Amino acid sequence: MDSTKIICPNGHLGFAPLKTESFRIGVAQKPDFIAADSGSDDVGPGPLGSDTSTSPLAWQEHDLEQMLLASRELNVPMIIGSAGDTGSNSRVDLFVSIIQKLALKHGLTKFKLGYFYSEVDKEYLRQKIKSGSAITGLDDRPSLTEQELDATENIVAMAGVHPFLDLLEQGADVIIGGRSSDSAIFAAAAMSQGHCEADAYYLGKVLECASFCAEPYGGKETVLGEVNPGEVLVSAMSPAQKCTIASVAGHAMYERSDPFHEQVAGGTLDMTHCSYEQTEENITRITGQTFKTASEFRVKLEGSGKTGERFLGIAGIRDPYTVENVDKVIEWAKTQVREKFGDEGYELYYSVYGKNGVMGDLEPVKHSKSHELCVVVQAVAPSAEIAEEICMTATRQMFYARLDDVKGTAGSVSFILDEVVATSPAYRWTINHTVAIDDPLELFPRHMIEAGI
Amino acid sequence: MSNSKTTSKLSGLAKTIRSKNAGVDKITFDIIFRDRENYELVKNSGCLTRETICQLYGIEDKRISDFVEFDPAYAIKFTIYRNRPSGSAGDPDIFGAQQYAPLLDIEVPLP
């Protein structure tokens, strides 16, 4: 079997632009595929809940243009997974339209543009629950209830290799995928060339975050992965970076609780017996990976639900006595909110920067030495009017806090704005679960169109 | 290293100390060493265990989902459950990327 080479220029396409110099070096290696993941649940539940992207359109277009032109120049497939941060249907449509426009702009010869969706209908899951097929919780969450389902705005399923493989078999030159496992995007490419699942998924695992598997630290640079039977080779394309045993093995455990296993739709990549070898200064070779097919085909689901409209308030404190007594200041303001709005039906949070604003309860430093504090107030309520009034009360009442021995009696806090600010609504991850399905393709409808002229 | 020095901060022994989301319900911490020597030193020191982490972060053992020594990368890694899913209102660190700082100052006895 021939070796298969894939380049990945960006670990989250759109979140920040790819670096073109190392990308061009990667393209000059004549890879068989150009692929990148464009999504992450790291961005929080907001984009999925509101069906928007957190990445700016200009950066999405920049990377898609670079990749499309290189893909057409080499006549090799380009594959994108988890389009537009969330992989929802509207994000897939957005990326498909960008590819179509770019093809016209550059007068590209006709090519096959395949895409698939990942959104899951709530009623489909409700039927599963009713029929007794549990939507099982991940990370110790309980099984999904109809109540939590009702509280959910949008749901996506995490595709494995299957819809990508199907579109590649249909001859797609460019694939825009809905929500997908990061590693599956690359694994599908390798499997379409006959490589086994173990090698293909390891290749995907190591390439998915682009240059995060290289050192020194530097994102958005291109890396090259090569797979041969039984081995994966990875190298950095930026002249400033190298793929070392330390950087590659270190990446195997990035963003995961278990460094030995990667769960994907349909099975598990087992890295327990992987060995790492420096074959050249910039090339690390990985062997020993295995893949175990799951007895039941389960697919991960992500769902986001709106918890309310949100306002932010900001206040500063400089008086050392007030700094010392910030908890009393906050308690005073909270009491004023409670007097009008009661204890329930809203959420109110104070983040005290200079004390424990970043870590909250996890902060081991219990006595801050800061000479000043910044208090950020967040209020969430069913309507914008109520959220604004709660946030205003909770912020402005700090100004009127009654402290016994304070010298300054004209106001207990400073404001950079004498107002509170509307932000995006608040959302939460309602679904982090898996569902059993019969056909690996059933949640991922696929389409093929032509683009170019 | 001077003879009088009997301990070193973890930040002086490790190459990388970081925290990051592991899915939406957990934050994972990586302490990665450049060489086997420092890795083994810290691993065997008893300074970085489930118990010391609970003490440092003021959490109960059940909040730690995993504690792993990962030889191929000379790394010690642990993962904790979040109080609320990432990005919910009130979550101060959507990416979980700034939760590692207390690890930097762990004092490790030198041989």
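Note on naming: letters A, B, ... go to the chains in the order of the sequence lines (proteins, then strands), and numbering restarts at 1 for each one. Values below: every heavy atom of this structure, side chains too, minus hydrogens, waters and symmetry copies. Here the structure is a predicted model, which means the values were calculated and not measured.
- Nearest heavy-atom pair across Val68(B) and Phe260(A) is CG1-CE1, 3.5 Å.
- The distance from the CE atom of Met359(A) to the CD atom of Gln98(B) is 9.5 Å, given to the nearest 0.5 Å.
- If you measure heavy-atom distances from Ser88(B) to chain A, the contacts under 4.5 Å come from both the backbone and the side chain.
- Top candidate by heavy-atom pairs under 4.5 Å with chain A, chosen from Val24(B), Ile94(B), Thr79(B), is Val24(B).
- Chain B forms the most heavy-atom pairs under 4.5 Å with one residue out of Gly44(A), Ser257(A), Ala249(A), and that residue is Ser257(A).
- Ranked by non-hydrogen atom pairs under 4.5 Å with chain B, the options Asn356(A), Thr244(A), Val248(A), Asp140(A) are led by Asp140(A).
- Atom CD of Glu107(B) has more than 12 neighbouring heavy atoms from other residues, nucleotides or ligands inside a 6.0 Å radius.
- The choice from Ser65(B), Gly23(B), Gly90(B) that makes the most heavy-atom pairs within less than 4.5 Å of chain A is Gly90(B).
- In this structure, Phe95(B) and Phe15(A) have tilted ring planes: the angle between them lies in the 30° to 60° band.
- Considering CG of Asp93(B) and OG of Ser351(A), their distance stands at 11.0 Å, rounded to 0.5 Å.
- Proximity to chain A (any heavy atom under 4.5 Å) is shown, for Asp91(B), by neither the backbone nor the side chain.
- Residues that satisfy the ring-ring contact (aromatic ring centres under 6.0 Å, His included) test with Tyr350(A), not counting sequence neighbours, are absent from this structure.
- Partners of Asp71(B) under the salt bridge (Lys or Arg N to Asp or Glu O under 4.0 Å) rule, at least two apart in sequence or in another chain, are Lys43(B).
- Of the atoms belonging to Ile27(B), not a single heavy atom falls under 4.5 Å from chain A.
- Ranking Glu347(A), Glu255(A), Glu302(A), Met253(A) against chain B, the residue ahead of the rest is Met253(A), based on heavy-atom pairs under 4.5 Å.
- Each of Asn432(A), Val376(A), Val358(A) has some count of heavy-atom pairs under 4.5 Å with chain B, and the biggest count is that of Val358(A).
- Among all heavy-atom pairs drawn from Ile245(A) and Pro72(B), the shortest one is CG2-O, 4.3 Å.
- Between atom CG of residue Leu138(A) and atom CG of residue Asp25(B) there is a gap of 8.5 Å, rounded to the nearest 0.5 Å.
- Of all the heavy atoms in Ala89(B) and Arg310(A), the pair that sits closest is CA-NH1, 4.0 Å.
- A distance of 11.0 Å separates CG in Asp361(A) from CD1 in Ile59(B), rounded to the nearest 0.5 Å.
- Ranked by heavy-atom pairs under 4.5 Å with chain A, the list Ser19(B), Ala101(B), Pro92(B), Ala75(B) is led by Pro92(B).
- In this structure, CG in Leu362(A) is found 9.5 Å from CG in Leu56(B), a value given to the nearest 0.5 Å.
- Within a 6.0 Å sphere centred on CD of Glu277(A), heavy atoms belonging to other residues, nucleotides or ligands number more than 12.
- Contacts of Tyr74(B) with chain A are absent, with no heavy-atom separation under 4.5 Å from either backbone or side chain.
- Atom-to-atom distance recorded for Arg34(B):CZ and Glu215(A):CD is 6.0 Å, nearest 0.5 angstrom.
- Interface with chain B: from residues 422-430 of chain A, residues Ala426(A), Tyr427(A), Arg428(A), Trp429(A) qualify, criterion being any non-hydrogen pair under 4.5 Å.
- Counting heavy-atom neighbours within 6.0 Å of Lys366(A) NZ, excluding the residue itself, gives a total above 12.
- Chosen from Asn83(B), Ile80(B), Thr16(B), Asp66(B), the residue pairing most often with chain A at heavy-atom distances under 4.5 Å is Asp66(B).
- Neither the backbone nor the side chain of Arg82(B) comes within less than 4.5 Å of any heavy atom in chain A.
- Neither the backbone nor the side chain of Phe67(B) comes within contact range of chain A, judged by heavy atoms closer than 4.5 Å.
- For Glu309(A), the salt bridge (Lys or Arg N to Asp or Glu O under 4.0 Å) partners two or more places apart in sequence, or in a different chain, are Lys306(A).
- Residue with the most contacts toward chain B among Ser304(A), Pro45(A), Pro259(A): Pro259(A) (heavy-atom pairs, distance under 4.5 Å).
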